[in-house]
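This is a predicted model, so every value here is computed, not measured. When reading the values below, keep in mind they use all heavy atoms of this one structure, side chains included, and skip hydrogens, waters and symmetry mates.
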Amino acid sequence: MTIASPQTRSVVVEREIAHPPEKLWRALTQPHLIAEWLMRNDFKPVVGHSFTLSGDWGSVECDVLAVEPEKTLTYTWNHVHDDPLYDLRSVVSFTLTPTASGTLLRMEQTGFRPEQKQAFGGARHGWEQHFTNLERVLAEMA
């Protein structure tokens, strides 16, 4: 007997960024830069590497799933919580596409269960803020 998994929702944020893919890639993969726009971390762009993202509100346990330099980066995003409404098992994927004026950055976070409305809304708002922080960091990079 096969039991169908409940349908999940995804947060998608796309933004045209006026910097080349190689510069954006550095901001997505260098721990000291990730800390400036996302969270403190022990990230390494190596498939299979386990790392933690830590914020003032708690932490997220992650595993790198895919790395294609200057093109794609995918990792798990698992926020363990006693309350099932906040216990999130998800995957975050970044896709970089060169454009005439820089890079189209697309982030998709998949895995929100239908009952996780607050977590979904928080992620949607949070990723928009993280992208704003990312653009600030890129502007400050040499």
(request) Indicate the atoms forming the closest heavy-atom contact of Val64 with Lys44, along with that distance. (result) CG2-O, 3.5 Å
(message) side chain to side chain contact (heavy atoms under 4.5 Å, CB included) for Ile17 and Glu135? Distances and angles first, verdict last.
(response) CA-CA 7 Å; Ile17 298 186; Glu135 287 187 290; 4.1 Å; yes
(request) For the pair Glu70 (side chain) and Leu24 (backbone), establish whether a donor and an acceptor sit closer than 3.5 Å, ignoring hydrogens and angles. (result) no
(message) Show the nearest heavy-atom pair for residues Asn41 and Phe43, with the distance to one decimal.
(response) OD1-N, 3.1 Å
(request) Enter the distance from Leu134:CG to Ile34:CD1 here, rounded to the nearest 0.5 Å. (result) 10.5 Å
(message) Taking the side chain as everything from C-beta on, heavy atoms only, tell me whether Thr110 gets closer than 4.5 Å to Thr8.
(response) no
(message) Please report the interatomic distance CD(Glu14) to CE(Met107), rounded to the nearest 0.5 Å.
(response) 10.0 Å
(message) Can you confirm whether His125 is buried at NE2, in the sense that more than 12 heavy atoms of other residues, nucleotides or ligands lie under 6.0 Å from that atom?
(response) no
(message) Between Met141 and Leu96, is there shared hydrophobic-cluster membership here, with clusters defined by ILVMFWY side-chain heavy atoms closer than 4.5 Å?
(response) yes
(request) Rounded to the nearest 0.5 Å, what's the gap from OG on Ser59 to CG on Leu53? Could you check? (result) 8.5 Å
(request) Please round to the nearest 0.5 Å and tell me the distance separating atom CD of Gln30 and atom CD of Glu36. (result) 10.5 Å
(request) Examine distances only and state if a side-chain atom of Asp42 and a backbone atom of Thr52 form a donor-acceptor pair shorter than 3.5 Å. (result) yes
(request) Consider only side-chain heavy atoms of I, L, V, M, F, W and Y, link residues closer than 4.5 Å, and tell whether Trp57 and Leu85 are in one cluster. (result) no
(message) Determine whether a donor-acceptor pair (N or O, by modelled atom type, separation under 3.5 Å) exists between the side chain of Trp37 and the backbone of Ala27.
(response) yes
(message) Are Val137 and Trp25 linked, directly or through intermediate hydrophobic residues, by side-chain heavy-atom contacts shorter than 4.5 Å (ILVMFWY only)?
(response) yes
(request) Mind listing the closest non-hydrogen atom pair of Met39 and Gly55 along with its distance? (result) SD-N, 3.7 Å
(request) Verify, without hydrogens or angle tests, whether Thr103 (side chain) and His19 (backbone) share a donor-acceptor contact under 3.5 angstrom. (result) yes
(message) Between Arg26 and Leu33 (side chain of the first, backbone of the second, donor and acceptor by atom type, cut-off under 3.5 Å), is there such a pair?
(response) no
(message) If hydrophobic clusters are built from ILVMFWY residues whose side chains come within less than 4.5 Å, do Phe51 and Trp77 share one?
(response) yes
(request) Mind listing the closest non-hydrogen atom pair of Glu16 and Leu104 along with its distance? (result) N-CD1, 4.1 Å
(request) Decide yes or no for Gln109 and Leu88: does some side-chain heavy atom of the first lie under 4.5 Å from some side-chain heavy atom of the second? (result) yes
(request) Answer yes or no on whether Arg15 is positioned over the face of Phe131, meaning its NZ or CZ is under 6.0 Å from the six-membered ring centre and within 45° of the axis. (result) no
(request) Determine whether Thr29 and Val67 make a side-chain contact, defined as any pair of heavy atoms from C-beta on separated by less than 4.5 Å. (result) no
(request) Group every Ile, Leu, Val, Met, Phe, Trp and Tyr by side-chain heavy-atom contacts under 4.5 Å, then state whether Phe94 and Val13 land in the same group. (result) yes
(request) Over all heavy atoms of both residues, which pair between Val80 and Asp87 is shortest? Give the atoms and the distance, please. (result) CA-OD1, 3.3 Å
(message) Using only atom types and a distance under 3.5 Å, with no angle test, would you say the side chain of His79 pairs donor to acceptor with the backbone of Tyr86?
(response) yes
(request) Kindly check if the number of other-residue, nucleotide or ligand heavy atoms within 6.0 Å of CD (Glu140) is above 12? (result) yes
(message) I need the minimum non-hydrogen distance between Val11 and Arg124, along with the two atoms involved.
(response) CG1-CA, 3.8 Å
(message) With side chain to side chain contact (heavy atoms under 4.5 Å, CB included) as the criterion, how do Leu65 and Thr76 come out once you've worked through the C-alpha distance, each side chain's angles and the decisive distance to 0.1 Å?
(response) CA-CA 7 Å; Leu65 301 175; Thr76 60; 3.9 Å; yes
